[in-house]
Amino acid sequence: MTFLTRLDDGSLKEGAAPTFALSQRGRAGLEILGAIQTFSSGTLRPMAAANFEENPQGRMLGEDHASATPAFSERERIAKARTVCEGDAIYRLERFFQRYVAEENFNRGIPAIEERRAEFLAYDAAMAQGSDAAPEAGSLTLAEDLAIPAWFAPIEWHLEPGGWDGYDLYGALFAFGVGPYVFSKGGYAAVGIGDDIVGQRLKTIRQFPKDSYARIYEPGCGGVSTLKAVHSVFPEAELHGADLSPLLLKNGARMAARFGFPVHLKQADCATDTGEADASFDGVITYALHHELPPKANRALFAELFRIMKPGADIVISDPPPFRAVSMFHAVILDWDTLHREEPFFSPVLHESLDAMLEEAGFEAVESYAIGQDQYPWITRARKPESTAVEAQA
């Protein structure tokens, strides 16, 4: 991907993306976390899974989980399986390491970035100036009077202090800190050990069934990492995205300018009103979004997306797999995130069916499947009918 730098005369110069070197102390602290996470998920977790399978109660629950006529409800099975797991010292140690890394990502990462604050601020300022001077890079519309949903405001997502907008250099932290040194190792939440999270995005985009799209929309687009991947697969598509977080949107606008791809960003509560016209998009992508909304908001979001999609338009979703699609032990691992990694809607959504929600909203050709290890990424695809019931009656 070409990196663009705006020169003093306003022209754009192509070149390689700049690199920012953390201090040796800051880098070492994050490298340690990456090593701990790799050991936890790559060595301890398989041992804990084997112990669960060897436990008579664990084996019985696993068989019940796979049964077409289970004796226990899904919630009951997970609760009983959690008790089995918590009786195993290896499982407890593995979960301790996971929680430790999740907290220390910020306890170590923020100070490491702060040591380079002046450098990052200067870089961000240059990118913001370049974005303002380059209308071809897209647009950014913030809504200061936007009513933030009550379910969203108080949450410190993924244990991030202050939530998405709690630290002005979160963009730098993820791009140059915990991203390359911790998250790139995989082995956290639904991401398998050694998984390439950048490659997972590209594989997800390639699940679109058509060869080209004119306009693609992403609700909950964050810092536009997914839209950047969309641009690489569908370079001719006009890209639009929305999010509740102004900081993520500002970071996304700078990234788009930095890499020279146009994207139109808007601050909006997509579950109530995207602010987009009826039947205006032929493609929609959502990535790691739905487990961060309560089920009621997801249903409202699908209805809104249905409205803005053209007849025959496609939607592709990547989210953690539902509990029904994974092993009993892995269901316990995923359920753990709900309380221990500040993901309050993780389990409620994984108990639900996105397939059913899409069908309720009016979509057809709904299908879901895995394209990676441990059933992640879990893909759900659907299409808006060529004609709706209302159109048919008209």
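No hydrogens, no waters, no symmetry mates; every other heavy atom, side chains included, goes into these values.
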Checklist entry - Aromatic ring centroids of Phe120 and Phe176 under 6.0 Å? => result yes
Next on the checklist: Ignoring hydrogens, what is the shortest heavy-atom contact between Ala102 and Leu159? Give both atom names and the distance.
Outcome noted: CB-CD1, 3.7 Å
Next on the checklist: Give me each pair satisfying side-chain hydrogen bond (donor to acceptor under 3.5 Å, both in side chains) with a member in residues 356-368, each pair once, sequence neighbours excluded.
Outcome noted: Arg299-Glu360, Asp355-Ser368, Glu364-Arg383, Glu367-Arg381
Item to check | Taking every non-hydrogen atom, the tightest pair across Asn105 and Leu30 | outcome: O-CD2, 4.4 Å
Checklist entry - Is the closest side-chain donor-acceptor distance between Glu292 and His158 under 3.5 Å? => result yes
Checklist entry - Should Glu86 and Arg95 be marked as a side-chain contact (heavy atoms from CB on, under 4.5 Å) after you check the CA-CA gap, both sets of side-chain angles, and the distance that decides it? => result CA-CA 10 Å; Glu86 290 175 349; Arg95 291 291 92 187; over 6 Å; no
Next on the checklist: Evaluate Gln98 against Ser41 for side-chain contact (heavy atoms from CB on, under 4.5 Å), listing each step before the verdict.
Outcome noted: CA-CA 8 Å; Gln98 288 288 321; Ser41 54; 4.1 Å; yes
Checklist entry - Looking at Met255 and Ser225, what are the two nearest heavy atoms and their distance? => result CE-OG, 4.1 Å
Checklist entry - Are His290 and Phe302 close enough that some pair of their side-chain heavy atoms sits under 4.5 Å apart? => result yes
Checklist entry - Just by modelled atom types, is the Val198 backbone N or O under 3.5 Å from a matching donor or acceptor in the Asp196 side chain? => result yes
Checklist entry - Trp157 vs Phe345 aromatic rings, parallel, tilted or perpendicular, using cut-offs 30° and 60°? => result tilted
Item to check | Point-to-point distance, once rounded to the nearest 0.5 Å, from CD of Glu31 to CZ of Arg108 | outcome: 11.5 Å
Checklist entry - Would you call Cys221 and Thr226 a side-chain contact if the rule is heavy atoms closer than 4.5 Å? => result no
Item to check | Connected hydrophobic set around Leu334, excluding itself, where side chains approach under 4.5 Å | outcome: Phe52, Met60, Leu61, Phe72, Ile78, Val84, Tyr91, Phe323, Val326, Met328, Phe329, Val332, Ile333, Trp336, Phe346, Leu350
Checklist entry - How close do Ala279 and Lys310 get, heavy atom to heavy atom, and via which atoms? => result O-CG, 3.2 Å
Next on the checklist: Between Glu63 and Arg59, does any side-chain N to carboxylate O distance fall below 4.0 Å?
Outcome noted: no
Checklist entry - Counting distance only, does the side-chain N/O of Asp165 pair as donor-acceptor with the main-chain N or O of Leu247 below 3.5 Å? => result yes
Checklist entry - Cation over ring, Lys384 on Phe306, under 6.0 Å and within 45°? => result yes
Checklist entry - Does the Glu218 side chain pair with the main chain of Thr286, one donor and one acceptor, at a distance under 3.5 Å? => result no
Next on the checklist: Side chains of Leu33 and Tyr100, heavy atoms from C-beta outward: is any pair under 4.5 Å?
Outcome noted: yes
Checklist entry - Could you give the distance from OG (Ser280) to CE (Met309), rounded to the nearest 0.5 Å? => result 10.5 Å
Item to check | Separation between NZ of Lys203 and CG of Asp195, rounded to the nearest 0.5 Å | outcome: 7.5 Å
Checklist entry - Atom CD1 in Ile315, atom CD1 in Ile216: separation rounded to 0.5 Å? => result 12.0 Å
Checklist entry - Looking at side-chain heavy atoms only, is the closest gap between Trp164 and Tyr170 below 4.5 Å? => result no
Checklist entry - Considering only heavy atoms from C-beta outward, does the side chain of Glu115 approach that of Leu22 to under 4.5 Å? => result no
Item to check | Chi angles and distances behind the side chain to side chain donor-acceptor pair (under 3.5 Å) call for His340, Arg99 | outcome: CA-CA 7 Å; His340 299 284; Arg99 173 70 187 208; 4.7 Å; no
Checklist entry - Between Asn55 and Asn51, does a side-chain contact (heavy atoms from CB on, under 4.5 Å) hold up when you go through it step by step? => result CA-CA 6 Å; Asn55 182 288; Asn51 289 346; over 6 Å; no
Checklist entry - Is the shortest heavy-atom distance from the side chain of Ile155 to the side chain of Pro344 under 4.5 Å? => result yes
Next on the checklist: Looking at every heavy atom in both Glu304 and Cys270, which two are closest together, and how far apart are they?
Outcome noted: CG-O, 3.4 Å
Item to check | Backbone N/O of Ile193 and side chain of Gln373: donor-acceptor pair under 3.5 Å | outcome: yes
Checklist entry - Is it true that a side-chain atom of Asp374 and a backbone atom of Tyr376 form a donor plus acceptor pair closer than 3.5 Å? => result no
Checklist entry - Which heavy-atom pair separates Pro246 from Leu244 by the least distance, and what is that distance? => result CD-O, 3.3 Å
Checklist entry - Is a donor on one side and an acceptor on the other found under 3.5 Å between the side chain of Gln37 and the backbone of Val182? => result yes
Checklist entry - For atom NZ of Lys296, is the number of surrounding heavy atoms from other residues, nucleotides or ligands below 6.0 Å larger than 12? => result no
Checklist outcome for this item: Rounded to the nearest 0.5 angstrom, the CD1-CZ distance for Ile90 and Arg92 is 9.5 Å
Checklist entry - Going through the checks in order, is the side-chain contact (heavy atoms from CB on, under 4.5 Å) test met by Leu44 and Phe96? => result CA-CA 11 Å; Leu44 294 180; Phe96 167 79; over 6 Å; no
Checklist entry - Do the side chain of Arg307 and the main chain of Asp273 share a donor and acceptor less than 3.5 angstrom apart? => result no
Item to check | Donor-acceptor pair, side chain of Asp335 and main chain of Ser347, under 3.5 angstrom | outcome: no
Item to check | Check: Gly162 main-chain N/O paired with Glu156 side-chain donor or acceptor under 3.5 Å | outcome: yes
Next on the checklist: I need the full list of side-chain hydrogen bond (donor to acceptor under 3.5 Å, both in side chains) pairs touching residues 318-334, with sequence neighbours left out, sorted by first then second residue.
Outcome noted: His291-Asp319
Checklist entry - Does Phe97 reach the side chain of Arg45, with side-chain heavy atoms less than 4.5 Å apart? => result no
Checklist entry - Trp378 and Leu202: same hydrophobic cluster, using ILVMFWY side-chain contacts below 4.5 Å? => result no
Checklist entry - Under 3.5 Å, is there a donor-acceptor pair between the side chain of Gln375 and the main chain of Pro321? => result no
Item to check | Interatomic distance, Ser353 atom OG to Leu358 atom CG [nearest 0.5 angstrom] | outcome: 8.0 Å
Next on the checklist: Within the structure provided, determine whether Gln200 and Tyr287 are in side-chain contact (heavy-atom separation under 4.5 Å).
Outcome noted: yes
